[in-house]
Peer 1: 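Take a look at the following structure, please.
Residue numbers run from 1 in the order of the sequence given. Note that the coordinates shown come from a computational prediction; the quantities given were computed from them, not determined experimentally.
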Amino acid sequence: MLKNDFLRRSLVLFCAGAGILLILAQWRTVASTTATAVDSLLAPSLAPVPPPARVNGLHLRVDLSLRRVSLYRSDRKLASYPIAVGQRGWETPLGAYQVIEMQRYPVWRHPLTNEIVPQGRDNPLGSRWIGFWDDGRHHIGFHGTPEANLVGQPVSHGCLRMRNSDIQALYEQVSPGTPVIVED
């Protein structure tokens, strides 16, 4: 009986030790991937981002205080448009980005309710979408609006709303990779 107790206790200690080693190994893996995941969730304005390379010399410069976006080729301003910006609590993120997505007649998903609004006259994204920021859940970009009277005001969920005629003109001049600099 004494021999069995010794074997049983040895087996329990061995299993417990192996379990602890597995837990530590798993914790170390989770800790290192969590640190990376947390870094990627930082607000873009907090994460250091080098300015993207200019595409054909074109870049967009957003001035949130003036509520305007300007299209430049090198240092020459080609066009400037009024914009609506993010409201309090949904501020447009500052930083250096690039156009990552473009859509004609986009479908919109409400960021709070997940309600889908199909393309059309009542779609709050208007006729065009030029996305430049995406955290996997929320998307921010330039878009049209059926409510042109709101352009120039802080009313969006972080996006930059434009008159439909302006977003259509801008859409034809940029492409994926075009740098977008958002400043206050």
Side-chain angles (χ1 to χ4, degrees), residues 39-88 90-111 117-184:
D39 289 345
S40 69
L41 293 176
L42 286 175
S45 60
L46 300 177
V49 178
R54 294 181 180 171
V55 176
N56 297 326
L58 289 176
H59 68 282
L60 295 171
R61 187 167 296 277
V62 175
D63 187 323
L64 296 176
S65 64
L66 295 177
R67 298 186 181 152
R68 294 196 73 82
V69 58
S70 298
L71 174 67
Y72 287 86
R73 180 176 306 279
S74 298
D75 293 328
R76 192 173 128 230
K77 187 186 296 186
L78 303 177
S80 182
Y81 306 99
I83 55 174
V85 299
Q87 60 186 292
R88 186 180 303 257
W90 290 90
E91 289 83 2
T92 304
L94 303 175
Y97 309 98
Q98 62 184 344
V99 173
I100 56 175
E101 178 184 24
M102 297 177 66
Q103 293 180 26
R104 294 175 185 266
Y105 304 102
V107 172
W108 182 61
R109 178 186 303 264
H110 193 286
V117 179
Q119 59 184 318
R121 196 177 69 197
D122 296 327
N123 186 307
L125 296 184
S127 62
R128 300 290 185 274
W129 167 259
I130 303 171
F132 63 85
W133 185 90
D134 182 344
D135 70 357
R137 183 169 171 217
H138 297 102
H139 311 277
I140 293 180
F142 303 93
H143 63 80
T145 180
E147 298 176 287
N149 59 314
L150 296 178
V151 171
Q153 299 179 45
V155 294
S156 77
H157 291 107
C159 286
L160 303 167
R161 295 184 190 179
M162 301 174 69
R163 294 183 297 237
N164 280 317
S165 59
D166 292 345
I167 190 69
Q168 289 169 3
L170 184 63
Y171 188 94
E172 296 304 319
Q173 299 178 77
V174 300
S175 59
T178 300
V180 178
I181 311 301
V182 181
E183 303 169 316
D184 199 11

Peer 1: Please determine whether side chain to side chain contact (heavy atoms under 4.5 Å, CB included) holds for the pair Val107 and Val117, giving the CA-CA distance in whole Å, both sets of side-chain angles, and the decisive distance to 0.1 Å.
Peer 2: CA-CA 6 Å; Val107 172; Val117 179; over 6 Å; no

Peer 1: So, for Pro176 and Met102, which heavy atoms are closest and what is the spacing to 0.1 Å?
Peer 2: CD-SD, 3.6 Å

Peer 1: Apply side chain to side chain contact (heavy atoms under 4.5 Å, CB included) to residues Arg104 and Arg128 and explain how you reach the verdict.
Peer 2: CA-CA 5 Å; Arg104 294 175 185 266; Arg128 300 290 185 274; 3.1 Å; yes

Peer 1: Quick one: NE2 on His138 to SG on Cys159, what's the gap to the nearest 0.5 Å?
Peer 2: 10.5 Å

Peer 1: Once you round to the nearest 0.5 Å, how far does CG of Leu78 lie from CG of Leu71?
Peer 2: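 If I round to the nearest 0.5 Å, the distance is 5.0 Å.
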
Peer 1: In chain order, what residues pass the side-chain contact (heavy atoms from CB on, under 4.5 Å) check against Ser127, with sequence neighbours excluded?
Peer 2: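 Counting only residues at least two positions away or on another chain, Ser127 forms a side-chain contact (heavy atoms from CB on, under 4.5 Å) with Tyr105, Asn164, Ile167, Gln168.
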
Peer 1: Starting at CG of Leu170, measure out to OG of Ser165 and round the result to the nearest 0.5 Å.
Peer 2: 11.5 Å

Peer 1: Look at the rings of Trp129 and His143 and say which category their plane angle falls in: under 30° parallel, 30 to 60° tilted, over 60° perpendicular.
Peer 2: parallel

Peer 1: Nearest heavy-atom pair of Gln173 and Leu58: which atoms, and what distance?
Peer 2: O-CD1, 3.2 Å

Peer 1: Using atom types as modelled and distance alone, determine if a side-chain donor or acceptor of Asn123 lies under 3.5 Å from a backbone N or O of Pro118.
Peer 2: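 Such a contact is found between Asn123 side chain and Pro118 backbone.
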
Peer 1: Do Leu160 and Phe132 pass the side chain to side chain contact (heavy atoms under 4.5 Å, CB included) test, and can you show the C-alpha distance, the side-chain angles, and the key distance before you say yes or no?
Peer 2: CA-CA 11 Å; Leu160 303 167; Phe132 63 85; 3.9 Å; yes

Peer 1: Report the distance from atom CG of Asp122 to atom CH2 of Trp108, rounding to the nearest 0.5 Å.
Peer 2: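 Between atom CG of Asp122 and atom CH2 of Trp108 there are 12.0 Å.
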
Peer 1: Does some side-chain heavy atom of Asp134 sit less than 4.5 Å from a side-chain heavy atom of His139?
Peer 2: yes

Peer 1: For Arg88, give me all partners under side chain to side chain donor-acceptor pair (under 3.5 Å), at least two apart in sequence or on another chain.
Peer 2: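 With neighbours one apart ignored, the set is empty.
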
Peer 1: Say you draw a straight line from CG of Leu66 to CG of Asp184; how long is it, rounded to the nearest 0.5 Å?
Peer 2: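 Here the interatomic distance stands at 9.5 Å.
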
Peer 1: For residues His59 and Thr178, report the shortest heavy-atom separation together with the two atoms involved.
Peer 2: CA-CG2, 4.1 Å

Peer 1: What are the two closest heavy atoms between Trp133 and Ile100, and how far apart are they?
Peer 2: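 Residues Trp133 and Ile100, closest heavy atoms: N-CD1, 4.0 Å.
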
Peer 1: With a 4.5 Å cut-off on side-chain heavy atoms, are Val62 and Ile83 touching?
Peer 2: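 Yes; the side chains approach each other to less than 4.5 Å.
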
Peer 1: I'd like to know whether Tyr171 forms a ring-ring contact (aromatic ring centres under 6.0 Å, His included) with Phe142, so could you lay out the CA-CA distance, the side-chain angles of the two residues, the decisive distance to 0.1 Å, and finally the verdict.
Peer 2: CA-CA 9 Å; Tyr171 188 94; Phe142 303 93; over 10 Å; no

Peer 1: Got a second to check how far Leu125's CG is from Gln103's CD, nearest 0.5 Å?
Peer 2: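 Atom-to-atom, Leu125:CG and Gln103:CD are 8.5 Å apart.
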
Peer 1: Closest approach of Gly158 and Ile140, non-hydrogen atoms and distance?
Peer 2: O-CG2, 3.3 Å

Peer 1: Quiz question: by atom type and distance under 3.5 Å, do the side chains of Ser156 and Arg161 form a donor-acceptor pair?
Peer 2: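 No, no side-chain donor-acceptor contact under 3.5 Å.
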
Peer 1: Go through Val180 and Ile130 one step at a time and tell me if the side chain to side chain contact (heavy atoms under 4.5 Å, CB included) criterion holds.
Peer 2: CA-CA 11 Å; Val180 178; Ile130 303 171; over 6 Å; no

Peer 1: Using the ring of each side chain (for Trp, its six-membered ring), is His157 parallel, tilted or perpendicular to His110, with breaks at 30° and 60°?
Peer 2: perpendicular

Peer 1: At their closest point, which heavy atom of Thr92 faces which heavy atom of Gly86, and how far apart are they?
Peer 2: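 Taking Thr92 first and Gly86 second, the nearest heavy atoms are OG1-N, 3.0 Å.
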
Peer 1: Which side-chain N or O atoms in residues 145-155 pair as donor and acceptor under 3.5 Å with protein atoms at least two apart or in another chain?
Peer 2:
{"from": "Thr145", "atom 1": "OG1", "to": "Glu147", "atom 2": "N", "distance (Å)": "3.1"}
{"from": "Gln153", "atom 1": "NE2", "to": "Asn149", "atom 2": "O", "distance (Å)": "3.1"}

